[in-house]
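Worksheet: one structure, shown below.
Index from 1, following the sequence.
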Amino acid sequence: MKENRKLLLIFTVILISIFLPPFSSVPITANETMLLIRDVLIQTCIAYSWLSPGIHISTIILLIALYRYGQKVSRSFDAYFAILFVFIAFSNNIAITENYGLAVITGNLVPMLTVGLFWIWEVFRSRNEYIFHSLPAWRYWVVPFAILAFWFPTSSDLSPDFSPLLLITSSFGVMFCPTTPVAIALLTLIYPKVNVYVLSVTSFVGFLIGLFNTISLFIMPGYTLWSLILHTPLIFISIYGLIITRIVKKDS
């Protein structure tokens with residue numbers, strides 16, 4: 001009960017922070033908010049895409065090491081995702097745009113940074129136990145969705161692109177939406193030996209960002225149905241991460 005109250009308080013603060021208005025050096029009207037967000041996200045995705053191959057390869061190596069050595073590399077894994085989430089919080093939400101000058105999506109930056117801070121806390125608290133046991137078959141449903149997020153097969157104009165090259169060059173690792181489902185999926189596979197705060201906070205922010213993407217189909221110019229489909233791993237896995245404590249018994 002005490003844990004639930006703490007999580008409720010954390011969720012409330014995060015929910016409030018997501019409504020923080022964006023900052024821009026060029027004054028904007030409320031109607032221009034979505035255009036500013038679109039410009040920032042497009043620019044930041046392109047700006048850091050050169051990091052993608054290194055992040056993809058290092059993630060694969062780390063996942064293999066985690067499966068083989070478990071707890072021996074657990075802190076390295078937690079630190080890796082802590083760094084990714086802190087980096088993403090700033091890199092995804094701050095840009096110098098042509099139309100708005102310096103722009104900051106504050107309502108994204110604060111919740112994403114909160115996720116990163118909780119992963120940093122886990123590095124020192126170390127509650128996650130990356131020891132993989134045999135699970136009921138249904139619990140592996142997150143795996144194909146995590147692979148889809150890792151691949152994130154889309155082109156620059158948000159249309160389908162199923163090039164195998166995207167398995168090492170997609171926006172996984174440099175953008176929040178494809179990165180988060182992979183992290184949450186892994187945490188659900190080790191549940192209940194997991195830091196519930198890290199799992200819940202990451203899932204809650206993931207759900208809010210996923211919900212925003214659902215709404216974006218109707219209010220953001222240029223947002224495509226395919227882009228929304230690619231965000232289904234974020235939406236579904238985030239919801240699962242939030243309710244897993246209620247549908248999976250801790251002694252299972």
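More than 12 heavy atoms of other shown residues, nucleotides or ligands fall within 6.0 angstrom of atom CG in L51. Within 6.0 Å of OH on Y69 lie no more than 12 heavy atoms contributed by other residues, nucleotides or ligands. Heavy-atom contacts from other residues, nucleotides or ligands closer than 6.0 Å to CZ of F19 number 12 or fewer.
Between H56 and T59 there is no side-chain heavy-atom pair separated by less than 4.5 Å. Inter-residue side-chain proximity for P164 and W151 is flagged as unmet; no heavy-atom pair is nearer than 4.5 Å. Side-chain contact check for Y130 versus D78: some heavy-atom pair is nearer than 4.5 Å. With contacts defined as side-chain heavy-atom distances shorter than 4.5 Å, the pair F85/L113 does not qualify. In this structure, I55 and S52 have side chains that are not in contact, with every pair of non-hydrogen atoms separated by 4.5 Å or more. At least one side-chain heavy atom of I105 sits less than 4.5 Å from a side-chain heavy atom of L41. Contact check for I190 versus N128: side-chain heavy atoms found under the 4.5 Å cut-off. Considering only heavy atoms from C-beta on, Y100 comes within 4.5 Å of E32 through its side chain.
Between P221 and R38, the closest heavy-atom pair is O-CD, 3.3 Å. Listed here is the closest heavy atom pair of V198 and W121: CG2-CE3, 4.5 Å. C177 approaches N213 most closely through the heavy-atom pair SG-ND2, 3.7 Å. Smallest separation of non-hydrogen atoms from V110 and S17: CG1-CB, 3.7 Å. Among all heavy-atom pairs drawn from V182 and A149, the shortest one is CG2-CB, 4.4 Å. Nearest heavy-atom pair, E3 versus V196, reported as atom, atom and distance to 0.1 Å: OE2-CG1, 3.8 Å.
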Inset, instruction - In sequence, state the C-alpha distance, the side-chain angles, and the governing distance for I18 and F212, and then conclude on side chain to side chain contact (heavy atoms under 4.5 Å, CB included). - result: CA-CA 10 Å; I18 208 165; F212 171 78; over 6 Å; no

Inset, instruction - Quick one: do L230 and L148 satisfy side chain to side chain contact (heavy atoms under 4.5 Å, CB included)? Show the steps, please. - result: CA-CA 8 Å; L230 288 183; L148 177 61; 4.0 Å; yes

Inset, instruction - Show your working on ring pair (Phe, Tyr, Trp, His ring centres under 6.0 Å) between F172 and F152 and close with a plain yes or no. - result: CA-CA 7 Å; F172 167 84; F152 212 70; 9.7 Å; no

Inset, instruction - Could you go through the side chain to side chain contact (heavy atoms under 4.5 Å, CB included) check for I88 and M112 one step at a time? - result: CA-CA 8 Å; I88 286 171; M112 292 179 187; 4.3 Å; yes

Legend entry - Worked check of side-chain hydrogen bond (donor to acceptor under 3.5 Å, both in side chains) between D157 and S159: CA-CA 6 Å; D157 62 355; S159 61; 2.6 Å; yes

Inset, instruction - Evaluate side-chain hydrogen bond (donor to acceptor under 3.5 Å, both in side chains) for Y80 paired with S58, printing each intermediate quantity in order. - result: CA-CA 10 Å; Y80 179 75; S58 59; 2.9 Å; yes

Legend entry - Verdict with reasoning, D161 to S163, per side-chain hydrogen bond (donor to acceptor under 3.5 Å, both in side chains): CA-CA 6 Å; D161 182 359; S163 169; 4.7 Å; no

Inset, instruction - Before giving the answer on ring pair (Phe, Tyr, Trp, His ring centres under 6.0 Å), spell out for F81 and F77 the whole-Å C-alpha distance, their side-chain angles and the decisive distance to 0.1 Å. - result: CA-CA 6 Å; F81 270 93; F77 181 84; 4.9 Å; yes

Legend entry - ring pair (Phe, Tyr, Trp, His ring centres under 6.0 Å) between F87 and W119, worked out: CA-CA 12 Å; F87 165 73; W119 278 84; over 10 Å; no

Inset, instruction - Go through V73 and R75 one step at a time and tell me if the side chain to side chain contact (heavy atoms under 4.5 Å, CB included) criterion holds. - result: CA-CA 6 Å; V73 295; R75 287 198 175 183; over 6 Å; no

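Although no hydrogens or angles enter the test, the distance criterion places a donor-acceptor pair under 3.5 Å between the side chain of T179 and the main chain of M175. The backbone N or O of G241 sits nowhere less than 3.5 Å from a side-chain atom of S200 that would complete a donor-acceptor pair. Proximity of a side-chain donor or acceptor of T224 to a complementary backbone N or O of L158 within less than 3.5 Å is detected. When atom types are taken as modelled, the side chain of Q43 and the backbone of I96 share a donor-acceptor pair closer than 3.5 angstrom. A side-chain donor-acceptor contact under 3.5 Å links R139 to the backbone of T188. With S216 contributing its side chain and M220 its backbone, the two residues share no donor-acceptor pair below 3.5 Å. Put simply, the side chain of T214 gets close to the backbone of G210: a donor and an acceptor are under 3.5 Å apart. Listed for the T154 side chain is no donor-acceptor partner under 3.5 Å among the backbone atoms of P160.
Cluster annotation: L189 is connected to L63 through the hydrophobic network of ILVMFWY side chains, with a link wherever side-chain heavy atoms come within less than 4.5 Å. The cluster map of Ile, Leu, Val, Met, Phe, Trp and Tyr, joined by side-chain heavy atoms under 4.5 Å apart, puts V13 and L15 in different clusters. I10 and V205 end up in the same hydrophobic cluster when Ile, Leu, Val, Met, Phe, Trp and Tyr side chains are linked at under 4.5 Å. Hydrophobic clustering of Ile, Leu, Val, Met, Phe, Trp and Tyr side chains at less than 4.5 Å, counting indirect connections, unites I184 with L135. Under the 4.5 Å side-chain heavy-atom criterion for grouping Ile, Leu, Val, Met, Phe, Trp and Tyr, L186 is connected to V248 within one hydrophobic cluster.
When each of T114, V115, N195 is tested with T202 by the rule side chain to side chain contact (heavy atoms under 4.5 Å, CB included), just one qualifies, namely V115. The only member of V40, L35, T33 that meets side chain to side chain contact (heavy atoms under 4.5 Å, CB included) when paired with I37 is T33.
The distance from the OG atom of S155 to the CZ atom of F162 is 10.5 Å, given to the nearest 0.5 Å. The structure places CD1 of I235 at 11.0 Å from CD1 of I229, a figure rounded to the nearest 0.5 Å. To the nearest 0.5 angstrom, M34 atom CE is 9.5 Å from Y223 atom OH. To the nearest 0.5 angstrom, L66 atom CG is 8.0 Å from Q71 atom CD. Annotation: the span from F132 atom CZ to K193 atom NZ amounts to 14.5 Å, rounded to 0.5 Å. One distance of note links CG of N108 with CG of N93; it measures 4.5 Å at 0.5 Å rounding.
Using cut-offs of 30° and 60° for the angle between ring planes, the W141 and F145 rings count as perpendicular.
Counting only N and O atoms by type, the side chains of Y240 and S203 include no donor and acceptor under 3.5 Å apart.
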